[in-house]
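What follows is a single structure, written as structure tokens, with notes after it.
Order of the sequence lines sets the chain letters (A, B, ...), proteins ahead of strands, with each chain counted from 1.
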Amino acid sequence: MRGGEAIIKALKEEGTDVIFGYPGGQILPFYDMIYESDLKHILVRHEQSATHAADGYARTSGKVGVCVTTSGPGATNMITGIATANIDSSPIVAISGQVATSLIGNDAFQEVDMIGITMPITKHNYQPNTPEIIPSIIKKSFEIASSGRPGPIVIDVPKNVQEGELKYYEKDLFQTPGYNPNLKGNIKQIRKATELIKSSKKPVLLVGGGVIIADASKELKELSNLINAPVTTTMMGKGAYPEDDDKALGMIGMHGRKAANLSIEECDCLIVIGCRFADRTSCSLDNFNHTKIIHIDIDPAEIGKNINIDIPIVGDGKQVLKSLIFEIKKNKYKFSNNWIKKVIRMRTDYYPKLNYDDYPLKPQQVIKEISEVLNDDTIITTDVGQHQMWMAHYFNTNKPRKFISSGGLGTMGFGFPAAIGAKVALPEYDVISVTGDGGFLMVCQDLATIKEYDLPIIICLFENRTLGMVYQWQELFYGKRFSHSKLGNYPDFIKLAESFGINGEYVKKAGETKHAVKRAIKSGEPTLLNITIDKSEALPMVPPGCRLSEIHGEYKTEKP
Amino acid sequence: MDHTHETINKVKIETQCLRTKEFKRSDRMKSHIISTLVENRPGVLQKALSLFTRRGFNIDSITVGESETEDLARMVFIVNGDKKILEQVTKQLNKLVDVIKVRSLNPEITIKRELCLIKVKVENEQKRGEIIQLTDIFKGIILDVGENSLTVEITGNPSKINSFISLLKGFGIKKIAKTGSTAIERDV
């Protein structure tokens, strides 16, 4: 067995059934070895897409996503995707080719120091120097990527190591004694938290992506019901709690829902689970409601990093919530429902307006129509920018792992390839890629991929011919000097899709989106919907540095 | 023009803010000793250092060497910062897969030592005698005697070394090589 074959064997033993990749010089031996293997390979059209697809695969399925590229430019093209996965705690294993060990350091053709480059943006990285070490490295990589706070791992495999014969196939050649994530929360801290919750009058739950990763939605719901607390989420936490529920206030933050932001301002006990208090969530660390805060997170470094915490609990969200529920039940604490009643009223009063019959189309109306056609199992991926915030704000996600978006890094070009990964991971579910004209054009080459592999993804392209978010900021903060944020009239996205053999449809009026999406789902083929929206539509927002309640811009609600 | 002025003002304000922030921080700035047990593999030091640069932590010194256990090395960082920074440094170091143990040492019971080699100018016999005498007092060792120079080794805590260096300054120091502090706690 050679090194490359060992990679394939070890990947399969870890449960990998598909990899996303793009071949090149230094990874050729590996590609020669998968030629005859039954490991499925999806050829994307840009290495960045490979990482985003692996990321989308991981986020929707909960399994580790794998991508493969060559050395040098192939490897560096993965950087954006790796950094995206790192900040959003997504488990991917990125394998890059490398020049032969004898050439490393010689500035050989397509040589780049991938280990050095990826150190700050990975959870860990490896460069095997013998073929024998490969199986152990793959095993460890999967273990580290998927446990604790998940994250990306880079394995940089020199060409001669891919080609070298293994003397033996052994999977435990080394240990990682320094890696033991703490899963079980400290019971003393949990008891303290129980007391604090009991003494509070206005508790609010703030849920981040950690709850989805920990698969703790059921426990979250139980806790919310038990203590009569409303649930707010960060963008990454969307779907952890069904947003159609009365107690769900939606997303908080810079573009959060009014009811959610106000509840955070008003609460007297904030229970935070799996959230890192990013600046887009808190808006201002100084002006954030300094009430009593319980912070549950698996990563101790996140606790107290941005905001001072009263009761820190380090542990896995699911396990800690279970113990917390157990303690509350054991003590038979009773919780009043005055607060939750008030919150539910607030939710109805400030429920954002979705119905518009304007021309040009309002994004709210489009989102309303999209959600009417879909069921709770449909996977939505978004790109980054205005359409992403509209979706996060107006669209109700009811199940975990169904709203996939680039959070921390805000990577334009993420959404469409992530949809590829999602569709490959879960072909039985409808996958919709909601995207903007700016971000989509960055990765539109992968229309070839979805055509080639017949992946019936529906692309809902919000076309406003501007880089909407930039445009909005320039309007608000830069004196309407729209520097390089207008995209012009080209391309015609439908013609672009057609050239890839993909069906397209223009959507311009209220009521059309619904039918177009329905038709696309029914066709079972990849489809691009060019939805022309009003470019002057902006989002209500909390400017950086302000309190969460200081929402600028008109906040239109359903109730007049 | 107006716009340029605006931008300049903005930048000025931002710098001012930064300065006050720094000032506020330095109020509680203290030097901390962090002792870290790591796997003795290539790249580990780089990983730890890249973490310091990325998070903007200030390091005064680092020493690395083999530890009592085979395959494990001990790194000692002297870090400047307030309590919050110290907490983040230890937590972030702990997150590195290659890092096995991180401890912030209690300065009151910690023995801190560094080694310093100094090459000092010798103008005449009398000066030579004086330098040898000073070295003796500071429990240093003369390592090399040249025609016009002496090389002295001295170990101790940083303040002892600094006062020795300032004494030698009058003779003319040609070169200094320092190791940075390493440290260990006393058994109490």
Top contributor to chain A interface from R41(B), K84(B), R54(B) [non-hydrogen pairs under 4.5 Å]: K84(B)
Heavy-atom pair count under 4.5 Å with chain A, highest-scoring of D98(B), L96(B), V97(B): V97(B)
Proximal component of Q88(B), with respect to chain A [non-hydrogen, under 4.5 Å]: side chain
Within the 6.0 Å centroid threshold, strictly below: F52(B) and F77(B): yes
Proximal component of I303(A), with respect to chain B [non-hydrogen, under 4.5 Å]: both
Proximal component of N125(A), with respect to chain B [non-hydrogen, under 4.5 Å]: both
Sequence neighbours excluded - salt bridge (Lys or Arg N to Asp or Glu O under 4.0 Å) pairs with any residue from residues 125-146 of chain B: E123(B)-K127(B)
Within 6.0 angstrom of K192(A) NZ, more than 12 heavy atoms from elsewhere: no
Minimal non-hydrogen separation, T176(A) against E39(B), with atom names: CA-OE2, 4.1 Å
Within 45° cone of F288(A) ring axis and under 6.0 Å: R547(A) NZ or CZ: no
